[in-house]
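To start, the structure under review is shown below, and the notes come after it.
Note on naming: letters A, B, ... go to the chains in the order of the sequence lines (proteins, then strands), and numbering restarts at 1 for each one.
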Amino acid sequence: MSQLHVQATAEEVREKARAIRRRNVEIIRAAGLGHIGGDLSAADILATLYFAVLNVDPEHPDDPERDRYIQSKGHASGVLYTTLAAAGFIPDSLLDTYMADGSALNGHPDRNKVPGVETNTGPLGHGLPVAVGTAIAAKLDHSPRRTFVLVGDGELQEGSNWEAIMAAGHRGLDNLVAIVDRNGLQQGARTEATNALDPLDAKFAAFGWAVRTVDGHDVEALLAAFRAVPFERGRPTCVIAKTTKGQGVSFIEDRVEWHHKVPSAEQTEQALEELS
Amino acid sequence: MSERYDCREAFQRTLVDLATRDERIVAVVNDSVGSSKLGAFEQAFPDRLINVGIAEQNMVGVGAGLANGGRIPFVSGAAPFLTGRALEQIKADVAYSNTNVKLCGQSPGMAYGELGPTHHSIEDLAWLRAIANLPVIVPVDPIETEAVIRWAAATEGPVFIRIGRVPVPNVNEPGYTFALGRATTLRDGADIAIIACGTMVERALEAATFLAARGVEARVLNMPTVRPLDREAVVRAAVETGAIVTVEEHTIHGGLGGAIAEVVATEAPVPMRLMGVPGVFAPTGSALALFRRFGLTAAGIAESALLLRRAAA
Ligand SMILES: Cc1ncc(C[n+]2csc(CCOP(=O)(O)OP(=O)(O)O)c2C)c(N)n1
Ligand SMILES: [Mg+2]
């Protein structure tokens, strides 16, 4: 199968991420709904994966040998859809229907409606167990295909994740990569003020994972990390991506109230300006 | 009855008032202070707002433990996650263990319409109605929400309360008192009965007005307690009107309509129509658009009633 844009340079990925963020802000403004903070937080991660890492093909989204990208933080559907459009999985015009009555673009992704979506997420804590399953399936097939799963940091408070993390460590799933969008914020407050996660790297390590912490907005650093997986043979990989919720828009960055606020017309203009 | 309200406001106001008088009252949440409207509670009683983070199973277990310690926990989170994620904790730790836990499912039904089926809570009544020792209550308006929250705080034992976000008018009068397992007749009539709960009650009342203009006098019952059901009111409606339409913001499988059909089939068989979501995952869309799609409007209910009468005749 053909590999999608695997040759994209860091500069090209950065350009894609900028375009994704702009479109993402536009569709949230148009829908009057969305999770803008968590979308912008993850844009560099998705752009890096889709344009320089994942072995996926928009012409054959069901290719059994594709890499699997599972977005467990389903509320960030805006960044997933805009990235899937940028990568050619869905037409850009479909983005204009985001969350409209009867649209294929639900507030949380539906694999039966959107090519490229692997599993329906939205309730937090579901992606990692499914990712463990796709990784085991690849092992059973002796296939080199890999699974990348993106989880929110607040999301890691769900116990189901830790059952999956334990199982992946136990089975030494070195074809599995969990990326934590470590923006330090959840819906209503900071993660560390709500139910602290740190030391998160030590927790993953204790469950048998090979862990690296990177700047989640530094495309070179993300590329270097993703190209180095598995970090250790026989161990699942964890990339803790240090991010800023709302990255790229000054008045949204690191503000808990922007978990799911919608920008006004003027704010949208300013956001698009800052993202140009 | 034109003004509409989000029942979560009545919930939070009542809870703050109760907590001021009774220090046993605590709130347990899953990063849901905002979605449960508990900001004022948190301000007033920071130590009595226990936010366990995004962890519903733990939240319900913690609630049971707090009840064991003599507290009265109101465990509150978005209805789909509270009920779906923590179902076994609800069964084992709350209902079976018979702990004094008040489960408050916020924004149920299709309130989160645009967010898609993961966030639609249209199975909760069926799931919970199957569990023994767990009253299941759907307050219809702010007046009933307040009455139910007060009743729950004063009554020892488990309960699930479904607290709506889709704005509704007050259909009850101030001074209304809630009694578990009791329906209220909001409009009398002998030609057909429409039995509804929650957001569907105002639509049922409006449908009855349409029907009256067509010469059909519909009885409209508000059935806030889905379990234990007011069997007597159901049997009376069956015997006295000869046909029953049920309406709920829920799947038609196993919810209010199912509960009523169980009684009708065994005690007073008459033709019925069950209105709700017809056994599918709803598409994405606003709550009101989804109501229209499934005929959950005054016109849709009236039409269903006329069809049922024709079929029954
Ligand atoms: C099981 C479950 N409980 C609660 C929610 C409501 N919810 C949606 S997003 C969110 C916060 C997520 O925080 P985090 O994982 O840190 O995501 P990010 O900061 O990247 O947006 C919550 C509580 C949910 N979607 N699923
Ligand atoms: Mg976060």
Side-chain angles (χ1 to χ4, degrees), chain A residues 28 31-35 72-75 77 97-114 117 119-126 151-163 185-197 256-257 259-262, chain B residues 28-39 42 46 49-62 76-89 110-121 123 280-294:
Chain A
I28 286 176
L33 287 165
H35 290 88
S72 192
K73 42 174 280 188
H75 59 284
S77 59
T97 71
Y98 186 40
M99 281 191 263
D101 292 344
S103 171
L105 304 186
N106 294 2
H108 297 80
D110 182 343
R111 68 185 287 266
N112 302 298
K113 295 180 179 172
V114 184
V117 173
T119 189
N120 297 6
T121 52
L124 297 165
H126 284 246
V151 296
D153 50 0
E155 179 178 15
L156 284 175
Q157 291 160 350
E158 288 284 1
S160 54
N161 292 300
W162 298 95
E163 298 175 22
L185 287 173
Q186 49 193 92
Q187 184 164 276
R190 299 210 167 268
T191 58
E192 301 312 282
T194 305
N195 199 15
L197 297 163
V256 69
E257 67 271 22
H259 176 70
H260 55 195
K261 250 176 78 166
V262 175
Chain B
V28 191
V29 298
N30 60 329
D31 191 14
S32 53
V33 173
S35 54
S36 293
K37 300 245 177 226
L38 288 174
E42 186 175 35
L49 184 289
I50 296 132
N51 185 353
V52 300
I54 310 169
E56 295 72 21
Q57 299 180 64
N58 190 37
M59 170 171 70
V60 174
V62 166
S76 177
F81 313 129
L82 169 65
T83 62
R85 193 54 158 278
L87 190 56
E88 190 172 87
Q89 279 76 14
M110 293 174 284
Y112 289 126
E114 297 88 346
L115 300 188
T118 54
H119 285 55
H120 300 166
S121 195
E123 304 90 358
V280 297
F281 289 115
T284 209
S286 66
L288 296 184
L290 295 176
F291 291 176
R292 279 195 299 275
R293 166 178 284 254
F294 297 118

Exercise for the section: Quick one: list whatever passes side-chain hydrogen bond (donor to acceptor under 3.5 Å, both in side chains) with B:Thr83, sequence neighbours left out. Expected result: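 Residues passing side-chain hydrogen bond (donor to acceptor under 3.5 Å, both in side chains) with B:Thr83: none at all.
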Exercise for the section: Please report the shortest heavy-atom distance between B:Glu114 and A:Met99, naming the atom on each side. Expected result: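 Looking at all heavy atoms of both residues, the closest pair is O-CG, 3.5 Å.
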Can you tell me which portion of [X] sits under 4.5 Å from chain B's heavy atoms? Options are side chain, backbone, both or neither.
X: A:Thr191; answer: neither
X: A:Asn195; answer: side chain
X: A:Leu33; answer: side chain

Problem - Spacing of CZ belonging to B:Phe281 relative to CG belonging to A:Asn120, to within rounding of 0.5 Å - result: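 Going from the CZ atom of B:Phe281 to the CG atom of A:Asn120 covers 8.5 Å.
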Practice task
Quick one: pull up CZ in B:Arg85 and CG in A:Leu124 and give me the separation to the nearest 0.5 Å.
Solution key: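 The CG atom of A:Leu124 is 7.5 Å from CZ of B:Arg85, to the nearest 0.5 Å.
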Exercise for the section: Determine the sole option in A:Gln186, A:His259, A:Gln187, A:Gln157 for which the side-chain hydrogen bond (donor to acceptor under 3.5 Å, both in side chains) test with B:Asp31 is passed. Expected result: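 Running side-chain hydrogen bond (donor to acceptor under 3.5 Å, both in side chains) over A:Gln186, A:His259, A:Gln187, A:Gln157 with B:Asp31 returns exactly one hit, A:Gln186.
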Problem - Counterpart residues, ring-ring contact (aromatic ring centres under 6.0 Å, His included), relative to B:Tyr112 (two or more places apart) - result: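 None.
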Problem - side chain to side chain contact (heavy atoms under 4.5 Å, CB included), paired with A:Thr194, selected from B:Val33, B:Val52, B:Asn51 - result: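 Of the listed options, the one satisfying the test is B:Asn51.
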Problem - Residue of the set B:Asn30, B:Ile54, B:Asn58 for which side chain to side chain contact (heavy atoms under 4.5 Å, CB included) holds with A:Glu158 - result: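 Result for side chain to side chain contact (heavy atoms under 4.5 Å, CB included) with A:Glu158: B:Ile54.
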Exercise for the section: Take atom CD of A:Glu192 as the centre, draw a 6.0 Å sphere, and report whether it contains more than 12 heavy atoms from other residues, nucleotides or ligands. Expected result: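 Above 12, so yes.
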Handout entry: Flag if over 12 foreign heavy atoms under 6.0 Å of CZ, B:Phe294
Key =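 Enclosed: over 12 neighbouring heavy atoms sit under 6.0 Å from CZ of B:Phe294.
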Exercise for the section: Pull out the residues in residues 283-292 of chain B that come under 4.5 Å of chain A, heavy atom to heavy atom, sorted by number. Expected result: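 The list, in residue order, reads B:Pro283, B:Thr284, B:Gly285, B:Ser286, B:Ala289.
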Practice task
Select, from A:Gly34, A:Gly74, A:Gly122, the one with the greatest count of heavy-atom pairs under 4.5 Å involving chain B.
Solution key: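 Highest number of heavy-atom pairs under 4.5 Å: A:Gly122.
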Exercise for the section: Can you sort out the partners of A:Asp110 under salt bridge (Lys or Arg N to Asp or Glu O under 4.0 Å), two or more places apart, ordered by chain and number? Expected result: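 Checked A:Asp110 against salt bridge (Lys or Arg N to Asp or Glu O under 4.0 Å); zero matches.
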Practice task
Flag the one option from B:Gln57, B:Glu56, B:Arg293 with the top tally of heavy-atom pairs under 4.5 Å to chain A.
Solution key: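 Result: the option with the highest number of such pairs is B:Glu56.
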Practice task
Go through the atoms of B:Val29 and report whether side chain, backbone, both or neither lie under 4.5 Å from a heavy atom of chain A.
Solution key: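 Contact with chain A: none, neither part.
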